Number of protein chains: 2
Amino acid sequence: MPPLTTPKSGDALFASVERVNAELFTLTYGAIVRQLLTDLEEVEEVNKQLDQMGYNIGARLVDEFLAKSNVSRCVNFKETADTIAKLGFKMFLGVTATVTNWDAEGTTCSFVLEDNPLVDFVELPDTCQGLQYCNVLSGVIRGALEMLKNKYFTKWSWDP
Amino acid sequence: MPPLTTPKSGDALFASVERVNAELFTLTYGAIVRQLLTDLEEVEEVNKQLDQMGYNIGARLVDEFLAKSNVSRCVNFKETADTIAKLGFKMFLGVTATVTNWDAEGTTCSFVLEDNPLVDFVELPDTCQGLQYCNVLSGVIRGALEMLKNKYFTKWSWDP
């Protein structure tokens, strides 16, 4: 039996959590975006609100991630990004992401989702130009990382 | 091998669909309710909007249910209710419901969810008196049944 601190694989992690039907989730998320478009009118405001919702969600989800993944400290931002892509996305959405577009300093990157449950059946009308439909995901990552920083900064010395 | 028209069990049905993490769904749904409370202010309006969102979702989900469940015509409302409780809830939320509180005519009943993923971690403040937090579920059932009626009424003779 591996020691308790061995991180689980993404598949094992996803199998260990309670789940609901992905289509129900997709349609529920679509209902939020539609509601925000009706209420806020400006696409830019909708993008902001989706990010803020994601932030609140991520700040809660990170606890479940830490409790179940057995992941401990990531030594740098590249490892952090890889953990999010391979374990975080898998645990919550059931898919993995590819990390790409690193800049020379290793401080910015992109997560590419080949199979994104949020956009199944989604067709945007022309009036939605500029809408960042999946902006909730950036918010989730932001919220989760910020919560980690606040919780562990006093104990851990994070690399800059 | 059973004939293709044998309805699947709820467990087999749930295992056959794509899934996402239940906690992510719960928090996303919570974000909708919070947004509606902020935007609409009146609890009664929020209840209506949740029902309407559910209606739109149910009208879409019923196709996936029919495609995967192998369920054919229900002979009466009691069988319909039982199919929703044991297969519909299981397929989408991963739980089953109990059907109870039947009136003498067999035209109204209640679905009771012992384990409802929508309300995990939910605490409502006193200002939310009268909020039907899970009203989206009634809307989903309403939308799904109405869509069935529109699609199949010309082919099937439903019992009154």
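Below, chain A is the first sequence line, B the second, and so on; all start at residue 1. Nothing here was measured: the structure is a model prediction, and the numbers come from that model.
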- Under 6.0 Å from the NZ atom of K8(A), do we count more than 12 heavy atoms belonging to anything else shown? yes
- Do L66(A) and Y55(A) share a hydrophobic cluster, counting only Ile, Leu, Val, Met, Phe, Trp and Tyr and linking them when any side-chain heavy atoms are less than 4.5 Å apart? no
- Message: So, taking the atom named OG1 in T28(B) and the one named CZ in F25(A), what distance separates them when rounded to the nearest 0.5 Å?
- Response: 4.0 Å
- CD/E44(A): more than 12 non-hydrogen atoms of other groups inside 6.0 Å: no
- Item | Among the listed options M91(A), R34(A), Q35(A), the residue most often paired with chain B at heavy-atom distances under 4.5 Å | Q35(A)
- Task: Name the member of I57(B), T26(B), I32(B), V95(B) that forms the most heavy-atom pairs with chain A at distances under 4.5 Å.
- Result: I57(B)
- Message: Counting C-beta onward and ignoring hydrogens, is there a side-chain heavy-atom pair between F92(A) and V20(B) closer than 4.5 Å?
- Response: no
- Item | Residue, of L93(B), N56(B), V136(B), L40(B), that accumulates the most heavy atom pairs under 4.5 Å with chain A | L93(B)
- Message: Please determine whether the number of non-hydrogen atoms from other residues, nucleotides or ligands lying under 6.0 Å from atom NZ of K86(B) exceeds 12.
- Response: yes
- For residues E64(B) and N21(A), determine if any side-chain heavy atom of one lies less than 4.5 Å from a side-chain heavy atom of the other. yes
- Query: Relative to chain A, which segment of F121(B) carries a heavy atom at a distance below 4.5 Å: side chain, backbone, both, or neither?
  - Reply: both
- Message: For Q52(A), I'd like to know if atom CD has over 12 heavy atoms of other residues, nucleotides or ligands within 6.0 Å.
- Response: yes
- Message: Please tell me whether V99(B) and V112(B) are part of a single hydrophobic cluster in this structure, the criterion being side-chain heavy atoms less than 4.5 Å apart.
- Response: no
- Query: So which part of Q49(A) gets closer than 4.5 Å to some heavy atom of chain B, the side chain, the backbone, both or neither?
  - Reply: side chain
- Non-hydrogen side-chain atoms of E23(B) and L61(A) separated by less than 4.5 Å: yes
